[in-house]
Amino acid sequence: MALPTSASVVERVTVTGNFVPAQRDLIVERALALNSDVLLMCDDDMVLAPNAWVDLCGLLEAEPRAALVGALYYSRDGFRPMVVDRWDENDTRSAVIPAFDREPVAVDGIGFGCVAIRVSALRDLAPPYFPAHVFVERGAARVRVCDEDYLFCARLRQAGYRVLLHPGVRCGHYDRASQTIAPRSWEAPEITRHERMAALVDGHPALVETREAAMSTPESRVRANVDYVVVP
């Protein structure tokens, strides 16, 4: 991986555990303690192009009001790009996948598979930095912790910063179970230049243009408390 020529010191931080929002918080704390300029976050199942960090940091430097720049990648099943617009934390089903080509575009939220964050913007936020949603799927008997990335992007935007997708920086998403990389092929610009939404088509999930998609019923919510018990 190439690094920006302006980078003078680089430190790698790895945090393990079973609650991703708190793990990301510890990484942010380390970046702040080091007085870093840029925090790069990358999941361990990302397949990066050699110049990914150079391109993301270059866009961050060129856009002073941007607090976060993210690469384009897809869900592990290759179904959808991990980026949202018109995202409402109180009804996440309202979100759409924004239109994009190869040029950077402002969005509401980006998945944290591969992002560059301006550390000075973090100082405008109060810790803990990463809230989260807990999705309870009764029918599937499954519970997932998620949306800490989109919620964090929402906090940045509320603080007056921009969140940018850099579609020219493209990362593969490795699935260990099938040993495949998604997407198998990148969507054509003729498709991605249109806003889309996830919908059921003939009983199967598909991405359709938003004017074709019927809005889902609102999500039901139950408020739960989470306490961080911090030890040295």
Side-chain angles (χ1 to χ4, degrees), residues 20 24 40-49 51-53 55-56 58-60 63 66-89 91-117 132-133 135 144-154 156-157 162-178 180-201 204-216:
V20 172
R24 296 200 189 280
L40 306 173
M41 283 196 182
C42 181
D43 290 347
D44 65 0
D45 55 4
M46 287 286 101
V47 181
L48 276 62
N51 284 328
W53 295 134
D55 293 339
L56 293 182
L59 180 56
L60 198 64
E63 296 284 347
L68 185 147
V69 175
L72 174 66
Y73 73 102
Y74 283 58
S75 54
R76 196 176 288 110
D77 58 6
F79 174 59
R80 67 189 185 282
M82 298 303 294
V83 55
V84 292
D85 225 357
R86 299 212 299 271
W87 191 80
D88 182 354
E89 63 185 78
D91 185 3
T92 62
R93 299 183 187 185
S94 67
V96 300
I97 297 169
F100 61 85
D101 196 334
R102 299 285 300 195
E103 298 301 316
V105 59
V107 296
D108 279 359
I110 297 177
F112 265 44
C114 178
V115 297
I117 304 170
H133 284 148
F135 272 75
R144 296 179 293 122
V145 178
C146 53
D147 287 350
E148 85 286 345
D149 39 19
Y150 294 161
L151 287 163
F152 178 78
C153 290
L156 290 176
R157 291 187 293 104
R162 301 177 76 208
V163 174
L164 302 179
L165 168 69
H166 194 330
V169 180
R170 303 192 166 194
C171 300
H173 200 164
Y174 180 68
D175 179 39
R176 294 180 176 86
S178 62
T180 58
I181 297 174
R184 294 181 183 272
S185 61
W186 296 98
E187 295 181 293
E190 293 76 17
I191 297 174
T192 64
R193 289 187 190 125
H194 299 274
E195 235 182 34
R196 293 172 292 166
M197 178 178 281
L200 287 177
V201 178
H204 300 284
L207 296 181
V208 299
E209 290 192 35
T210 53
R211 66 173 179 268
E212 301 173 0
M215 295 299 292
S216 303

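- Evaluation of the side-chain contact (heavy atoms from CB on, under 4.5 Å) rule for A49 yields no partner, not counting sequence neighbours.
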Residue pair S75, M82: steps toward the side-chain contact (heavy atoms from CB on, under 4.5 Å) verdict: CA-CA 6 Å; S75 54; M82 298 303 294; 3.9 Å; yes
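- Scanning all heavy atoms of the two residues, the minimum distance from P98 to V107 falls at CG-CG1, 3.7 Å.
- Inter-residue side-chain proximity for F100 and R193 is flagged as unmet; no heavy-atom pair is nearer than 4.5 Å.
- Using modelled atom types, one finds a donor on one side chain and an acceptor on the other under 3.5 Å when comparing Y74 with E187.
- Shown here are the ring pair (Phe, Tyr, Trp, His ring centres under 6.0 Å) partners of H133, two or more places apart in sequence or in another chain: there are none.
- I110 approaches C153 most closely through the heavy-atom pair N-SG, 3.6 Å.
- Side-chain contact between P183 and F79 is absent, with no heavy-atom pair separated by less than 4.5 Å.
- For the atom pair I191 CD1 and R196 CZ, the distance stands at 7.0 Å (nearest 0.5 Å).
- Summarising the geometry of V169 relative to L56, their closest heavy-atom pair is CG2-CD2, 4.0 Å, with the distance given to 0.1 Å.
- Ring centers of Y73 and H173: under 6.0 Å apart, within the cut-off.
- A heavy-atom distance below 4.5 Å is not found between the side chains of V20 and V145.
- In this structure the side chain of I97 never reaches within 4.5 angstrom of the side chain of M197, judged on heavy atoms.
- Expressed to the nearest 0.5 Å, how far CG of L40 lies from CG of L60 amounts to 9.0 Å.
- Taking the side chain as every heavy atom from C-beta outward, C114 and L48 approach each other to under 4.5 Å.
- Using a 4.5 Å heavy-atom cutoff, the side chains of D147 and F135 are in contact.
- Residues that satisfy the side-chain contact (heavy atoms from CB on, under 4.5 Å) test with A206, not counting sequence neighbours, are V201.
- Scanning for ring pair (Phe, Tyr, Trp, His ring centres under 6.0 Å) contacts around F152 gives F112, F130, with sequence neighbours left out.
- Taken to the nearest 0.5 Å, the CG atom of D149 stands 9.5 Å off from the CG atom of L68.
- Looking at residues two or more places apart in sequence or on another chain, you find a side chain to side chain donor-acceptor pair (under 3.5 Å) between S178 and D175, T180.
- With a 4.5 Å cut-off on side-chain heavy atoms, L59 and L164 count as touching.
- A distance of 12.5 Å separates CG in L207 from CD in E195, rounded to the nearest 0.5 Å.
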Residues E190, D101; criterion side-chain contact (heavy atoms from CB on, under 4.5 Å); working and verdict: CA-CA 9 Å; E190 293 76 17; D101 196 334; over 6 Å; no
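- Taking every heavy atom of both residues into account, P167 and E103 meet most closely at CD-O, 3.2 Å.
- Scanning both residues, D88 and S94, for their nearest heavy atoms gives CB-OG, 3.6 Å.
- Applying the salt bridge (Lys or Arg N to Asp or Glu O under 4.0 Å) test to every pair with at least one member in residues 71-85, sequence neighbours left out, gives these pairs: D45-R76.
- Checking side-chain atoms of T92 against main-chain N and O of E89 turns up no donor-acceptor pair under 3.5 Å.
- Of the possible donor and acceptor atoms, one in the side chain of R157 sits under 3.5 Å from a partner among the backbone N and O of D108.
- The two residues C171 and M46 make their nearest non-hydrogen contact at CB-SD, 3.9 Å.
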Verdict with reasoning, V96 to W87, per side-chain contact (heavy atoms from CB on, under 4.5 Å): CA-CA 7 Å; V96 300; W87 191 80; over 6 Å; no
